[in-house]
Structure formats: structure tokens, C-alpha cells
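What follows is one structure encoded as C-alpha cells, with my remarks underneath.
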Amino acid sequence: MAEIIRISESPKHENQEVTIQGWLYNKRFSGKVRFLLVRDGSAIIQCVVVKSEVSEDTFEKTDLLTQESSLKVTGVLVADKRAPIGYELHVKEIEIVQIAQDYPITPKEHGIDFLMDHRHLWIRSKRQHAILNVRHEVIRAARDFFNDRDFVLIDSPIFTPNAAEGTTTLFQTDYFGSPAYLTQSGQLYAEAACMSFGRVYCFGPTFRAEKSKTRRHLTEFWMIEPEVAFFDLQDDMQLAEEFVSHIVQTVLKKRRAELETLERDTSKLENVVPPFPKIHYNEAVEILKKNGVDFPYGDDFGGADETVLSAQFDKPVIVHHYPAEIKAFYMKRDPEEPQFALAMDMLAPEGYGEIIGGSQREDDYDTLLKRIREHNLDEEAFRWYLDLRKYGSVPHSGFGLGIERTVAWITGTKHVRETIPFPRLMQRIYP
Ligand code: 4AD
Ligand code: MG
């Protein structure tokens, strides 16, 4: 019995007989030789079947195999410089596991709705496979970054009694006869935990009933949110730039092959090292004006504004000091200029928009209570949150990074729907 290996392990098995288990990606016939492209999730390898070297039965099986049929192939791994992974399999035996009938995704072009309806199969294709591998690496790098800096992972709840990010995008569910909401952000719970552990992060799915059909919005997306006691806005911005730089540099190091498959211009990513440019909201408005954008002072930036702003820089840019009026209730105001919140957003280059939102939090009990009332939030649901300002309140800050927008930027993917395995959008909950 030949050893079963993953295709990616080929270099360790040169000239050995091995078995590969996978699916037929494509095949090509050339007289008495047949070339099977087999993928197993780790890579794709070309398997060469020569008529004079195999049994009649094995050779005939190559006729039966259709795209995405599952199979086991046994043969000898031979180095081949022309092959993308550097090896070919010289086949001795083929075992068919199942013949796939009429696989719907063919090498021809398909429309986006068709592909989205077949997302469960689409994720097998080269490009989607590469994007999801990068997503995996982004998440691993993000976790490693915090774990290596002594942050404690705190899982925040999905069912919540209150809104963290405004009441307009809440998904309501019935919780044994009372309303409950799917979480929009784990932040408020991370704040509680950071008073216990000093530095924490949460990472999980978050939900927003976004009625906007843009290429940057999902209704279910994943957010990683650090929260640190005794951190001010400056500390927060510095943590954010080190974090994003770590993620990008890790993907560049470990996922070259995927970025190549995606034809990503990596020169733009090499540059992503601290310090990032940091500009005041007023300065950002000036930039928009200079670029001919008719922007009403005091508003939040829209997608188009963010694109103009980020185009001025070759790295992500951090905009800080947004007007307090347009920002969340929990943000602390700058005592020096109280019309501004101690808030910051990080905008990715090349038009990928906001990837991080964060702030220093209001730490004074009376001020926070006032804000909760001003925002017409249910005081009772926030009693526990107010407690944090009663028992050893300290300055603290944090931020949230959206995984999908980050992956879209790093992979150069236009729409966030391709950066999550099974996207949820306003008009899509299938498959
Ligand atoms: O700016 P946001 O709303 O910030 C918060 O939720 C804070 N509570 C985070 C914190 O301070 N702990 O969202 C943070 C990030 C955005 O910058 C964006 O990357 C992503 O989450 N995001 C979305 N991604 C995809 N689809 C959506 N509908 C998103 N909404 C926000
Ligand atoms: Mg935001």
C-alpha cells in the first residue's frame, strides 16, 4: 500500500509511490497519454496516465472521469520544473470514488447570481479557494498578534438585550416572549472584561440589518475587537497600525502563491508598515474640498468620500476626531474640543474603505448616563455597562476590524461577498 499524502507534501516524497485523494479539476487527452488535473484542497497536481504503463481498466477509467468526480490516484512523484508545484504523478492505478454528473460550474464564464446560488460548489474553484485561504491566514495572524501580546480572548454573547451601534440596524429575535437582538459588536462586553484582565479581545460574528446594497456591506460579518485599560486614543491608533501591518506582512510572507493566483499587485502591500498617516477630521474635509467633492461639513464620510481620501496615501490612513454628533454614544469627547469624539477610523488604500472603527470610551458615569438618555437608549439594559464607571473606572480604548473588508483589500477582491465562505446579504440567505 502506497502512503496517502496531501499534494502539498509532494517535495518530501520525490520518486516515491504515493496515493492522492481528491477531485478531478480538469483533464486533457493526447493520443495514448492522458493528463488528469487532480485537486485535494492543498494544491493541484497533474497526473500522467500512459496507456502502455497501466492496466486497460485503469486507462478506461480516465474516460469515465468527469469534472469534480472524486478519486484516488496512486503513482510515483516525479520532479518537473514546468509544473506549478514542481511535481507530476506518474500514475499506476486509479480508484474512482464517485462520478460527478453534470457539475454546474464549468470553465466558461458564469453570471454572479448563478455563482452565488452555487456558492457551496463555487468555493472549490481556484480563485475562491485562494481568497478563503487568505481569509484563514488573516484570522490566524490577527489571533496570533493579540495572543503574543498577552491579550486574553473573551467571547462576547450573540444574543443581547441592547444596541451597541445604533438602533437602525438591529436584528430582533424573540427570546422566550421578550425581544432580544443579535449582537452588532462585542465591544461593550469586551469593556467589562478589560476591567478584569487589562487587555482583551473578542472575535466573532456580528450582525447588522444593513439595507445598503454596497460592495462593502454584509448583514453577517466577522469582527475582531481588542479593548485595553489605560489606553488613550493615541495608544489605540498605534495598536491599530501595528496590528494591520502585522496581518498584511504575514499574508505576504505565507500566502504568496494565493496572491499570485489572484494576480494581486503586492508592491502596494509591501508598503504597509507603521507609521500610517493620521489626520484630523477637519483635515480630511479639506482634502475632499481640494479634490472637488461637495461635502457638507459635519457629515460622516460615505464610500465615495473614503475612496478620495485613501487615494491620497499609499498606506492605510487613520482619520480621527470625528464630530461627536455622528458617532456612537459610548465615545469620549475631547475635553479640548468637545464637539469632536476621540474616535478613529482606518481607511484601506485603493478604495477599499473603512476597515477599522474605534475610539477612547466615555469613562465618566454621569456623562455616559447623559449620552444614553440623549440617544434614547433603554437605560435599564445598560445598567451593567454603567456599573463599569462606578467601580474603578479608568480611561480605556479599543477598536474593531472587519475581517471581510480586510480580506477584500488584501486579496484585491471588489465585493466582500467573495471574502466569506457563505455570505449573508440583504437579498441572500441561500445557500
Ligand atoms: O465602525 P464599526 O461599526 O465599529 C464598531 O462596531 C465598534 N463597536 C468596534 C469597537 O470599537 N470595538 O465597525 C467596525 C468595522 C468596520 O470598520 C468594518 O470593517 C466592519 O466592522 N463592518 C462591516 N463589515 C462588513 N459589513 C458590514 N455591514 C459592516 N459594518 C461594519
Ligand atoms: Mg465605523
Side-chain angles (χ1 to χ4, degrees), residues 135 138 142 146 151 154 156 160 162-171 182-194 199-228 231 233 235-237 239-240 243-244 247 281 300-303 305-306 310 316-320 322-323 326-332 341-348 352-362 385 396-410 413 415-420 423-426 428:
R135 176 188 172 97
V138 164
F146 292 124
F151 283 64
I154 294 294
S156 49
T160 61
N162 49 345
E165 294 299 328
T167 47
T168 53
T169 61
L170 277 176
F171 274 116
L182 299 185
T183 185
Q184 298 167 305
S185 157
Q187 177 199 319
L188 307 187
Y189 297 94
E191 284 184 61
C194 101
R199 42 178 71 181
V200 299
Y201 69 102
C202 61
F203 179 47
T206 45
F207 306 86
R208 296 193 194 175
E210 303 276 7
K211 296 193 184 70
S212 44
K213 283 180 270 177
T214 78
R215 59 191 183 87
R216 294 171 184 173
H217 288 92
L218 295 160
T219 55
E220 180 178 321
F221 62 98
W222 286 67
M223 189 162 34
I224 188 158
E225 300 175 86
E227 193 70 32
V228 189
F231 251 34
L233 181 66
D235 301 323
D236 204 35
M237 292 193 286
L239 183 69
F243 177 56
V244 168
I247 291 173
Y281 173 87
D300 205 353
F301 303 124
D305 306 318
E306 287 176 357
S310 66
V317 55
I318 298 178
V319 182
H320 54 82
Y322 282 79
I326 55 166
K327 285 291 181 185
F329 76 95
Y330 55 70
M331 292 184 180
K332 192 178 176 66
L342 293 169
M344 62 104 171
D345 278 1
M346 187 187 291
L347 313 180
Y352 287 92
E354 180 201 325
I355 51 170
I356 279 183
S359 68
Q360 187 169 334
R361 322 305 189 186
E362 181 51 69
Y385 186 63
H396 61 289
S397 303
F399 62 81
L401 170 122
I403 295 292
E404 290 75 18
R405 290 192 193 170
T406 306
V407 174
W409 163 48
I410 295 176
T413 305
H415 199 299
V416 286
R417 68 188 162 210
E418 290 180 43
T419 64
I420 184 165
R424 297 290 173 249
L425 300 152
M426 190 183 168
R428 177 164 298 276

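In listed order, ligands and their atoms are each counted from 1.
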Note: Glu210, heavy atoms under 4.0 Å from ligand 1, region reported as side chain
Backbone N or O of Leu233 within a donor-acceptor pair of the Gln360 side chain at under 3.5 Å?
yes
Would you say the ring centers of Phe171 and Phe207 fall short of 6.0 Å from each other? no
| query | Backbone or side chain, does any N or O of Ser359 fall under 3.5 Å from an N or O of ligand 1? | reply | no
In this structure, CG of Leu342 is separated from OG of Ser397 (nearest 0.5 Å) by 8.0 Å
Met223 heavy atoms within 4.0 Å reach ligand 1 at atoms 6 (O), 13 (O), 14 (C), 15 (C), 21 (O)
Worksheet item: Okay, side chain of Thr206, backbone of Phe221: is any donor-acceptor separation there less than 3.5 Å?
Response: yes
Taking only non-hydrogen atoms of Glu225 and a 4.0 Å limit, the atoms of ligand 1 in range are 8 (N), 9 (C), 10 (C), 12 (N)
Among non-hydrogen protein atoms, atom 28 (N) of ligand 1 lies closest to Leu218 O, 2.9 Å
Decide yes or no for Val228 and Phe151: does some side-chain heavy atom of the first lie under 4.5 Å from some side-chain heavy atom of the second? yes
Notebook entry, point to check: Do Arg417 and Arg428 have side chains that get closer than 4.5 Å, going by heavy atoms?
Noted result: no
Looking only at protein heavy atoms, what sits closest to atom 3 (O) of ligand 1 is Arg208 NH1, 2.7 Å
among protein heavy atoms, the one nearest atom 19 (O) of ligand 1 is Ile355 O, 2.9 Å
*asked:* Do Met331 and Tyr322 have side chains that approach each other closer than 4.5 Å (heavy atoms only, starting at C-beta)?
replied: no
- Query: Are the side chain of Thr183 and the backbone N or O of Ser185 linked by a donor-acceptor pair below 3.5 Å?
  - Reply: yes
Please find out if the Mg ion (ligand 2) and some N, O or S atom of Glu354 are separated by less than 2.8 Å.
yes
Within 4.0 Å of some non-hydrogen atom of Tyr330, the atoms of ligand 1 are 7 (C), 8 (N)
So for Ile356 against ligand 1, with non-hydrogen atoms under 4.0 Å, the contacting part is backbone
If you scan protein heavy atoms around atom 1 (O) of ligand 1, the nearest is Glu354 OE2, 3.0 Å
Exercise for the section: Please determine if Asp345 has a nitrogen or oxygen closer than 3.5 Å to a nitrogen or oxygen of ligand 1. Expected result: no
Closest to atom 11 (O) of ligand 1 (heavy atoms only, candidates Gln184, Glu227, Arg361) is Arg361
Quick note on ligand 1: atoms under 4.0 Å from a heavy atom of Ser185 include exactly 6 (O), 8 (N)
re atom 5 (C) of ligand 1, the protein heavy-atom contact at minimum distance is Glu165 OE2, 3.4 Å
The answer for which part of His217 has a heavy atom under 4.0 Å from ligand 1 is both
If only side-chain N and O atoms count, and only distance matters, is there a donor-acceptor pair under 3.5 Å linking Glu191 with Tyr330? no
Atom 18 (C) of ligand 1 sits nearest the protein heavy atom Arg405 NH1, 3.6 Å
Between Gln184 and Leu170, is any pair of side-chain heavy atoms under 4.5 Å apart?
-> yes
Under a 4.0 Å threshold between the charged nitrogen and the carboxylate oxygen, would Lys327 count as salt-bridged to Asp345?
yes
Point to revise | Under 3.5 Å: N/O of Leu401 near N/O of ligand 1 | key: no
Honestly, for Met346 the part within reach of ligand 1 (heavy atoms, under 4.0 Å) is neither
Item to check | Heavy-atom donor-acceptor pair, Arg216 side chain to Arg405 backbone, under 3.5 Å | outcome: no
Closest to atom 25 (C) of ligand 1 among protein heavy atoms sits Arg216 O, 3.5 Å
Ion pair Glu404/Arg135, N-O distance below 4.0 Å: yes
Exercise for review: Could you tell me whether ligand 1 has any atom less than 4.0 Å away from a heavy atom of Val416?
Suggested key: no
re atom 30 (N) of ligand 1, the protein heavy-atom contact at minimum distance is Phe221 CZ, 3.4 Å
